[in-house]
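Worksheet: the structure to be examined is printed underneath.
The model shown is predicted, which means the values in this text are computed figures rather than measured ones. Computation of the quantities below employed the complete heavy-atom set of this structure, encompassing side-chain atoms and omitting hydrogens, waters and symmetry-equivalent molecules. Nothing fancy with the numbering, it's 1 onward along the sequence.
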Amino acid sequence: MNSMSFLFFGMMLIPFILLLIWMIRQDKNKNYIGLVVLVAAIFIAAYVAVNVDMKFMNP
């Protein structure tokens, strides 16, 4: 991955983390299962995106 990809991930990751923190504070029942599934899906999507990008960068 090149530096612009890392910059893009960083610019998207910081607001996402802040949104998750805000959502956790708003949840009165403290039901974290949905947030855990959401975070796991984001990590899987980022892992797949990085691997696909590596395949195209290194033919």
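V37 and W22 are assigned to two separate hydrophobic clusters, defined by single-linkage of ILVMFWY side chains at heavy-atom distances under 4.5 Å.
When hydrophobic side chains of Ile, Leu, Val, Met, Phe, Trp and Tyr are connected at separations under 4.5 Å, I14 ends up clustered with L18.
Atom CG in L38 sits 8.5 Å away from atom CG in L19 (nearest 0.5 Å).
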